[in-house]
Chemist: 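Could you have a look at this structure, given as C-alpha coordinates, before my questions?
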Amino acid sequence: MATYVDSTRSDTYARIYAVIRRIPMGRAASYGQIARLAGIPGAARQVGYALHALPDGTTVPWHRVVNAKGTISRRTVPGSELTQRMLLEAEGVYFDLNGRVDLARYGWTPRRARGKK
DNA sequence: TTTATGGCTGTCA
DNA sequence: ATGACAGCCATAA
(Lines give C-alpha, C1' and ligand atoms only; values in the text may rest on other atoms or scores of the structure.)
Protein backbone atom coordinates (compact mmCIF):
# COMPACT_ATOMS: atom_id res chain seq x y z
CA MET A 1 0.00 0.00 0.00
CA ALA A 2 1.19 3.11 -0.92
CA THR A 3 4.25 3.28 1.04
CA TYR A 4 5.80 6.42 -0.25
CA VAL A 5 5.30 8.03 -3.61
CA ASP A 6 1.70 8.42 -2.77
CA SER A 7 1.05 11.81 -1.35
CA THR A 8 3.24 14.01 -3.39
CA ARG A 9 6.27 13.41 -5.48
CA SER A 10 8.26 15.56 -3.20
CA ASP A 11 7.09 14.49 0.20
CA THR A 12 10.71 13.73 0.71
CA TYR A 13 11.30 17.19 2.02
CA ALA A 14 8.31 16.90 4.31
CA ARG A 15 9.73 13.71 5.78
CA ILE A 16 13.09 15.27 6.28
CA TYR A 17 11.57 18.25 8.00
CA ALA A 18 9.49 15.99 10.17
CA VAL A 19 12.54 14.11 11.33
CA ILE A 20 14.49 17.25 12.05
CA ARG A 21 11.60 18.58 14.05
CA ARG A 22 11.82 15.46 16.18
CA ILE A 23 15.33 16.36 17.25
CA PRO A 24 15.19 17.32 20.91
CA MET A 25 16.84 20.48 22.04
CA GLY A 26 20.44 20.27 23.03
CA ARG A 27 20.95 17.46 20.58
CA ALA A 28 22.54 17.22 17.16
CA ALA A 29 21.96 14.79 14.31
CA SER A 30 23.88 14.06 11.15
CA TYR A 31 22.59 14.27 7.61
CA GLY A 32 22.86 10.55 7.08
CA GLN A 33 21.07 9.88 10.30
CA ILE A 34 18.19 12.08 9.29
CA ALA A 35 18.07 10.72 5.77
CA ARG A 36 17.82 7.24 7.19
CA LEU A 37 15.06 8.20 9.59
CA ALA A 38 13.27 9.98 6.78
CA GLY A 39 13.11 6.69 4.93
CA ILE A 40 15.72 7.55 2.35
CA PRO A 41 18.98 5.99 3.54
CA GLY A 42 21.94 7.03 1.51
CA ALA A 43 20.32 10.25 0.52
CA ALA A 44 22.16 12.36 3.01
CA ARG A 45 22.80 14.91 0.34
CA GLN A 46 19.15 15.41 -0.23
CA VAL A 47 18.84 16.39 3.38
CA GLY A 48 21.24 19.18 2.71
CA TYR A 49 19.11 20.21 -0.24
CA ALA A 50 16.01 20.17 1.86
CA LEU A 51 17.66 22.42 4.38
CA HIS A 52 18.71 24.68 1.59
CA ALA A 53 15.11 24.92 0.53
CA LEU A 54 13.85 25.77 3.98
CA PRO A 55 11.83 28.96 4.27
CA ASP A 56 13.07 31.82 6.38
CA GLY A 57 10.44 31.61 9.10
CA THR A 58 10.82 27.87 9.37
CA THR A 59 10.16 26.10 12.61
CA VAL A 60 12.64 23.43 11.67
CA PRO A 61 15.76 23.42 13.82
CA TRP A 62 18.02 23.04 10.84
CA HIS A 63 20.90 24.22 12.97
CA ARG A 64 20.80 20.91 14.78
CA VAL A 65 21.85 19.15 11.63
CA VAL A 66 25.55 18.59 11.16
CA ASN A 67 27.61 16.18 9.11
CA ALA A 68 28.87 12.80 10.23
CA LYS A 69 32.06 14.27 11.57
CA GLY A 70 30.10 16.54 13.84
CA THR A 71 31.33 19.55 11.97
CA ILE A 72 29.43 22.11 9.98
CA SER A 73 29.77 21.76 6.27
CA ARG A 74 30.72 24.74 4.19
CA ARG A 75 27.63 25.91 2.48
CA THR A 76 27.02 28.03 -0.53
CA VAL A 77 26.43 30.92 1.80
CA PRO A 78 29.60 31.76 3.73
CA GLY A 79 29.06 32.74 7.32
CA SER A 80 25.95 30.65 7.81
CA GLU A 81 27.98 27.96 9.43
CA LEU A 82 28.84 30.39 12.17
CA THR A 83 25.17 31.08 12.67
CA GLN A 84 24.51 27.39 13.07
CA ARG A 85 27.22 27.07 15.64
CA MET A 86 25.86 30.03 17.53
CA LEU A 87 22.37 28.58 17.62
CA LEU A 88 23.65 25.25 18.86
CA GLU A 89 25.63 26.83 21.63
CA ALA A 90 22.51 28.73 22.60
CA GLU A 91 20.80 25.37 23.14
CA GLY A 92 23.60 23.99 25.21
CA VAL A 93 25.49 22.19 22.50
CA TYR A 94 29.07 23.24 22.72
CA PHE A 95 31.78 22.71 20.16
CA ASP A 96 35.28 21.54 20.86
CA LEU A 97 38.37 23.47 19.95
CA ASN A 98 38.29 21.86 16.54
CA GLY A 99 34.87 23.29 15.88
CA ARG A 100 33.19 19.93 16.18
CA VAL A 101 30.37 18.82 18.41
CA ASP A 102 30.78 15.70 20.45
CA LEU A 103 28.27 13.46 18.73
CA ALA A 104 29.06 10.81 21.30
CA ARG A 105 27.47 13.11 23.83
CA TYR A 106 25.15 15.46 21.98
CA GLY A 107 24.39 13.01 19.21
CA TRP A 108 20.68 12.33 18.97
CA THR A 109 19.83 8.71 19.57
CA PRO A 110 16.39 8.03 18.14
CA ARG A 111 14.76 4.69 18.91
CA ARG A 112 14.66 3.81 15.24
CA ALA A 113 18.43 3.98 14.92
CA ARG A 114 19.12 1.55 17.74
CA GLY A 115 20.41 -1.93 17.35
CA LYS A 116 24.04 -1.27 18.00
CA LYS A 117 25.88 0.29 20.75
C1' DT B 1 12.23 12.50 -21.02
C1' DT B 2 17.46 12.30 -19.79
C1' DT B 3 21.76 14.34 -17.82
C1' DA B 4 24.42 16.46 -14.35
C1' DT B 5 25.04 18.10 -9.96
C1' DG B 6 25.15 18.36 -5.10
C1' DG B 7 25.21 22.02 2.34
C1' DC B 8 27.16 13.88 2.38
C1' DT B 9 28.92 9.13 3.87
C1' DG B 10 31.92 5.48 4.56
C1' DT B 11 36.04 2.90 3.41
C1' DC B 12 40.94 2.55 2.03
C1' DA B 13 45.88 4.27 2.01
C1' DA C 1 44.59 11.77 12.20
C1' DT C 2 43.96 13.51 7.29
C1' DG C 3 43.34 12.88 2.04
C1' DA C 4 41.20 10.70 -1.89
C1' DC C 5 37.44 7.78 -4.47
C1' DA C 6 33.05 6.17 -5.51
C1' DG C 7 28.14 5.65 -4.42
C1' DC C 8 23.28 7.23 -3.26
C1' DC C 9 18.97 9.57 -4.33
C1' DA C 10 16.09 13.68 -5.34
C1' DT C 11 16.02 18.30 -7.62
C1' DA C 12 16.80 21.40 -11.25
C1' DA C 13 17.64 22.35 -16.39
Side-chain angles (χ1 to χ4, degrees):
Chain A
M1 31 255 297
T3 42
Y4 41 96
V5 297
D6 181 86
S7 318
T8 18
R9 40 214 192 266
S10 35
D11 70 341
T12 314
Y13 275 28
R15 288 189 178 220
I16 292 171
Y17 299 149
V19 173
I20 296 174
R21 263 179 232 188
R22 280 153 128 197
I23 303 174
M25 188 185 135
R27 227 91 214 186
S30 66
Y31 288 94
Q33 181 109 37
I34 291 167
R36 186 166 163 164
L37 293 171
I40 49 178
R45 284 177 123 154
Q46 272 50 256
V47 176
Y49 271 91
L51 264 53
H52 188 225
L54 275 172
D56 294 313
T58 182
T59 57
V60 179
W62 61 272
H63 53 266
R64 290 180 189 152
V65 185
V66 295
N67 62 27
K69 303 184 192 79
T71 60
I72 300 174
S73 306
R74 287 183 51 178
R75 308 196 308 244
T76 57
V77 182
S80 300
E81 42 194 277
L82 295 179
T83 304
Q84 182 170 1
R85 175 172 174 171
M86 179 180 73
L87 289 168
L88 284 173
E89 291 184 328
E91 294 191 344
V93 179
Y94 289 86
F95 288 65
D96 69 11
L97 297 178
N98 293 318
R100 304 189 300 199
V101 298
D102 187 354
L103 290 177
R105 188 180 182 76
Y106 299 109
W108 178 38
T109 311
R111 309 166 33 119
R112 295 277 242 210
R114 310 291 257 84
K116 161 179 301 190
K117 105 171 247 276

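Naming convention: chains lettered A, B, ... in sequence-line order (proteins, then strands); numbering from 1 in each chain. If you're wondering where the values come from, they're calculated on a predicted model, not measured in any experiment.
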Chemist: Taking NZ, NE, NH1 and NH2 as the nitrogens, is one of them in A:Arg85 or A:Glu81 under 4.0 Å from a carboxylate oxygen of the other?
Modeler: no

Chemist: In whole Å, I'd like the distance from the CD1 atom of A:Ile34 to the P atom of B:dG7.
Modeler: 16 Å

Chemist: Taking side chain to side chain donor-acceptor pair (under 3.5 Å) as the test, write out the residues that go with A:Thr71, two or more places apart.
Modeler: A:Asn67

Chemist: From the options B:dC8, C:dA10, B:dT9, select the nucleotide whose nearest atom is closest to the side chain of A:Gln46.
Modeler: C:dA10

Chemist: If you measure from the Lys or Arg side-chain nitrogens to the Asp or Glu carboxylate oxygens, is any gap between A:Arg27 and A:Glu91 under 4.0 Å?
Modeler: no

Chemist: Taking only side-chain nitrogens and oxygens of A:Thr12, does any of them come within less than 4.0 Å of OP1 or OP2 of C:dA10?
Modeler: no

Chemist: Expressed as a whole number of angstroms, how long is the span from A:Arg45:CZ to C:dC5:C1'?
Modeler: 12 Å

Chemist: What pairs with A:Leu54 under side chain to side chain contact (heavy atoms under 4.5 Å, CB included), at least two apart in sequence or on another chain?
Modeler: A:Tyr17, A:Leu51, A:Thr58, A:Val60, A:Trp62

Chemist: How long is the line joining CZ of A:Arg15 and P of C:dT11, in whole Å?
Modeler: 12 Å

Chemist: Please state how far atom OH in A:Tyr17 lies from atom C1' in B:dG7, giving the value in whole angstrom units.
Modeler: 13 Å

Chemist: When the side chains of residues 93-101 of chain A are checked against the rest of the protein, which donor-acceptor pairs come out under 3.5 Å, sequence neighbours left out?
Modeler:
from, atom 1, to, atom 2, distance (Å)
A:Asp96, OD1, A:Asn98, N, 2.6
A:Asp96, OD1, A:Gly99, N, 2.9
A:Asp96, OD1, A:Arg100, N, 2.9

Chemist: Please give, in whole Å, the distance from B:dG7 P to A:Leu54 CG?
Modeler: 14 Å

Chemist: Take atom CD1 of A:Ile16 and atom P of B:dC8, then tell me their distance rounded to the nearest Å.
Modeler: 13 Å

Chemist: With sequence neighbours excluded, tell me which residues meet side chain to side chain contact (heavy atoms under 4.5 Å, CB included) with A:Ala38.
Modeler: A:Arg15, A:Ile16, A:Val19, A:Ile40

Chemist: Who pairs with A:Pro41 by side chain to side chain contact (heavy atoms under 4.5 Å, CB included), at least two apart in sequence or on another chain?
Modeler: A:Arg36

Chemist: Could you please name the option among B:dC8, C:dC9, C:dT2 that lies closest to any side-chain atom of A:Arg100?
Modeler: C:dT2

Chemist: Could you check which of B:dG10, C:dG7, C:dT11 has an atom nearest any side-chain atom of A:Tyr13?
Modeler: C:dT11

Chemist: Whole-Å distance between C:dC9 C1' and A:His52 NE2?
Modeler: 18 Å

Chemist: In whole angstroms, how far is the P atom of C:dA4 from the NZ atom of A:Lys69?
Modeler: 13 Å

Chemist: Which listed nucleotide (B:dG7, B:dT9, C:dA10) is nearest to the side chain of A:Trp62?
Modeler: B:dG7

Chemist: Taking the side chain of A:Ile40 as heavy atoms from C-beta outward, which of C:dA10, C:dC8, C:dT2 is closest to it?
Modeler: C:dA10

Chemist: Given a 3.5 Å cut-off on both pairing distances, which stems involving DNA chain B, each at least three consecutive Watson-Crick or G-U pairs, are present, if any?
Modeler: B:2-6 with C:9-13, B:8-13 with C:2-7

